[in-house]
Amino acid sequence: MAVKGHFDHFNINVLDLERSIAFYDKALGLKEHHRKEAADGSFILVYLTDEEGNFLLELTWLRDRKEAYDLGDNESHLCFRVGGDYDEARAYHKAMGCVCFENEEMGLYFINDPDDYWIEILPLLEK
């Protein structure tokens, strides 16, 4: 059997849902696609979209979670490709204070969200 499919979403857990939604909107232009709320209020799932493709970022908020998540060595990351002037995007993220790592030799940088998840920022691929 050959399995056929596509990536649907990636989940991260967040402590302050509204702060995270605002960050992803301001930093990357991601918008809420839909959400699911537990009837008992124990969790909220918010799915964000770039409005370009079918891949979603799922933000999970758990009512009873108060302490920061242990991200280990934080070696896993998302990658987001930006259009337009790449240097202008980097300057924008620097002004936001969210650039956490730069490797100019490799032509990339990372931003971190309010929960310290890292997002690699790359320019769009030329077609």
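- Hydrophobic cluster membership is shared by Leu122 and Phe7, with clusters built from Ile, Leu, Val, Met, Phe, Trp and Tyr side chains linked at under 4.5 angstrom.
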Identify each donor-acceptor pair in which a side-chain atom of residues 78-87 lies under 3.5 Å from a protein atom, sequence neighbours left out, and give them as a table.
{"residue": "Arg81", "atom": "NH1", "partner": "Pro123", "partner atom": "O", "Å": "2.6"}
{"residue": "Asp85", "atom": "OD1", "partner": "Asp87", "partner atom": "N", "Å": "2.9"}
{"residue": "Asp85", "atom": "OD1", "partner": "Glu88", "partner atom": "N", "Å": "2.9"}
{"residue": "Tyr86", "atom": "OH", "partner": "Gly107", "partner atom": "O", "Å": "3.4"}
{"residue": "Tyr86", "atom": "OH", "partner": "Ile121", "partner atom": "O", "Å": "2.6"}

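- Here Asn54 pairs with nothing under the side-chain contact (heavy atoms from CB on, under 4.5 Å) rule; sequence neighbours left out.
- Residues that satisfy the salt bridge (charged side-chain N to carboxylate O under 4.0 Å, His left out) test with Lys94, not counting sequence neighbours, are Glu102.
- In this view, His77 and Glu120 satisfy the side chain to side chain donor-acceptor pair (under 3.5 Å) rule, not counting sequence neighbours.
- Atom CD1 of Ile119 and atom SG of Cys100 lie 7.5 Å apart (nearest 0.5 Å).
- Nearest heavy atoms, Glu32 versus Ile21: OE1-CD1, 4.3 Å.
- Between the CG atom in Leu30 and the CZ atom in Phe23 there is a gap of 9.5 Å [rounded to 0.5 Å].
- Closest approach of Leu17 to Arg35, counting heavy atoms only: CD2-NH1, 4.5 Å.
- Although no hydrogens or angles enter the test, the distance criterion places a donor-acceptor pair under 3.5 Å between the side chain of Asp115 and the main chain of Leu15.
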Exercise. How far apart are the C-alpha atoms of Ile111 and Leu28, what are their side-chain angles, what is the distance that settles it, and do they pass the side chain to side chain contact (heavy atoms under 4.5 Å, CB included) test?
Worked result: CA-CA 10 Å; Ile111 61 175; Leu28 301 173; 4.1 Å; yes

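- Sorted by first and then second residue, the salt bridge (Lys or Arg N to Asp or Glu O under 4.0 Å) pairs with a member in residues 46-58 form an empty list; sequence neighbours excluded.
- Residues satisfying the salt bridge (charged side-chain N to carboxylate O under 4.0 Å, His left out) test with Lys26, not counting sequence neighbours, are none.
- By the 4.5 Å heavy-atom criterion applied to side chains, Tyr92 and Met96 are counted as neighbours.
- Remark: Ala91 pairs with no residue by the side-chain contact (heavy atoms from CB on, under 4.5 Å) rule, at least two apart or across chains.
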Exercise. Yes or no on side chain to side chain contact (heavy atoms under 4.5 Å, CB included) for Asn13 and Leu62, after CA distance, side-chain angles and deciding distance?
Worked result: CA-CA 8 Å; Asn13 287 26; Leu62 303 172; 3.9 Å; yes

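- Ser76 pairs by the side-chain contact (heavy atoms from CB on, under 4.5 Å) definition with nothing, not counting sequence neighbours.
- For the atom pair CG of Leu45 and CG of Leu56, the computed distance is 12.0 Å after rounding to the nearest 0.5 Å.
- Residue Trp118 is grouped with residue Met106 when hydrophobic side chains (ILVMFWY) are merged at heavy-atom distances under 4.5 angstrom, including chains of intermediate members.
- Qualifying salt bridge (charged side-chain N to carboxylate O under 4.0 Å, His left out) partners for Asp25, counting only residues two or more places apart in sequence or in other chains: Lys31.
- Remark: side-chain polar atoms of Arg19 are not paired, donor with acceptor, to backbone N or O of Val14 under 3.5 angstrom.
- Residue pairs satisfying the ring pair (Phe, Tyr, Trp, His ring centres under 6.0 Å) criterion with at least one member in residues 45-70, sequence neighbours excluded, are listed as follows: His9-Tyr47, His34-Tyr47.
- Identified under the side chain to side chain donor-acceptor pair (under 3.5 Å) test for residues 104-113, with sequence neighbours left out: Tyr24-Asp113, His93-Tyr109, Asn112-Asp116.
- For Glu67, the salt bridge (charged side-chain N to carboxylate O under 4.0 Å, His left out) criterion is met by Arg65, not counting sequence neighbours.
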